[in-house]
Amino acid sequence: MCDGNLINELDVETIIESEYPDVAVLMSECLSFCGLCALKPYALVNGARIFGKTPEEALDKIRKKIEEELALFAE
């Protein structure tokens, strides 16, 4: 996640790492999507951009993507 992103209104790092102990949240000064972080809350999940209209919506979509990724490893 980019440090300047709107999603940082929430403590996503703590939330995700407490809910998914096997998942690492990496913070970065810039993810090279200039201007995007000021427009919408988003994060990269294994290279996929996950957006939301609000930080809460983005967090819910991030959780869903994490669940999809973890399910691949559970099979």
Side-chain angles (χ1 to χ4, degrees):
M1 294 188 305
C2 179
D3 287 339
N5 193 312
L6 294 171
I7 199 167
N8 288 322
E9 291 178 8
L10 304 174
D11 187 2
V12 176
E13 183 175 11
T14 301
I15 293 168
I16 293 297
E17 289 182 346
S18 68
E19 292 177 7
Y20 304 98
D22 295 335
V23 172
V25 176
L26 305 175
M27 300 298 292
S28 176
E29 283 186 25
C30 182
L31 295 175
S32 299
F33 295 105
C34 294
L36 184 60
C37 61
L39 297 175
K40 295 181 180 184
Y42 85 99
L44 293 176
V45 178
N46 284 348
R49 286 182 277 179
I50 309 299
F51 298 95
K53 292 180 183 174
T54 65
E56 293 80 12
E57 180 183 346
L59 179 58
D60 288 340
K61 289 181 176 183
I62 291 166
R63 285 179 175 124
K64 182 179 177 187
K65 182 65 174 172
I66 289 170
E67 292 290 338
E68 291 171 4
E69 295 280 330
L70 292 175
L72 293 174
F73 293 103
E75 296 177 353

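Values reported hereafter were calculated over all heavy atoms of this structure, with side chains retained and with hydrogens, waters and symmetry mates removed.
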Student: Give, for atom CG of Asp22 and atom CD of Glu17, the distance between the pair rounded to the nearest 0.5 Å.
Tutor: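 The CD atom of Glu17 is 11.0 Å from CG of Asp22, to the nearest 0.5 Å.
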Student: Restricting to pairs with a member in residues 52-72, which pass ring-ring contact (aromatic ring centres under 6.0 Å, His included), not counting sequence neighbours?
Tutor: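 Matches after skipping sequence neighbours: none remain.
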Student: Can you tell me how far the OH atom of Tyr20 sits from the CD atom of Glu67, to the nearest 0.5 Å?
Tutor: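 Here the interatomic distance stands at 3.5 Å.
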Student: About how many Å separate CD1 of Ile66 and CD1 of Ile16, when rounded to the nearest 0.5 Å?
Tutor: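 The distance works out to 4.0 Å.
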Student: If you round to the nearest 0.5 Å, how far is CD of Glu19 from CG of Leu59?
Tutor: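 Reported value, rounded in 0.5 Å steps: 7.0 Å.
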Student: How many angstroms lie between NZ in Lys53 and CG in Leu6, if you round to the nearest 0.5 Å?
Tutor: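 Here the rounded value is 15.0 Å.
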Student: Which heavy atom in Lys61 sits nearest to a heavy atom in Phe51, and how many Å separate them?
Tutor: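 Minimum heavy-atom separation between Lys61 and Phe51: CD-O, 3.0 Å.
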Student: Under the side chain to side chain contact (heavy atoms under 4.5 Å, CB included) rule, collect the residues that match up with Lys65, sequence neighbours excluded.
Tutor: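 Testing Lys65 for side chain to side chain contact (heavy atoms under 4.5 Å, CB included), a comparison that skips the adjacent residues, returns Val45, Ala48, Ile50, Glu68, Glu69.
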Student: What pair of heavy atoms forms the shortest contact from Pro55 to Pro41, and how long is it?
Tutor: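 Here Pro55 and Pro41 meet closest at N-CG, 3.6 Å.
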Student: Would you say Leu10 ends up clustered with Leu39 if hydrophobic residues are merged whenever their side chains have heavy atoms under 4.5 Å apart, either directly or through other cluster members?
Tutor: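 In one cluster: no.
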Student: Once rounded to the nearest 0.5 Å, what's the spacing between atom CD of Glu56 and atom CD1 of Ile7?
Tutor: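 CD1 of Ile7 is found 9.0 Å from CD of Glu56.
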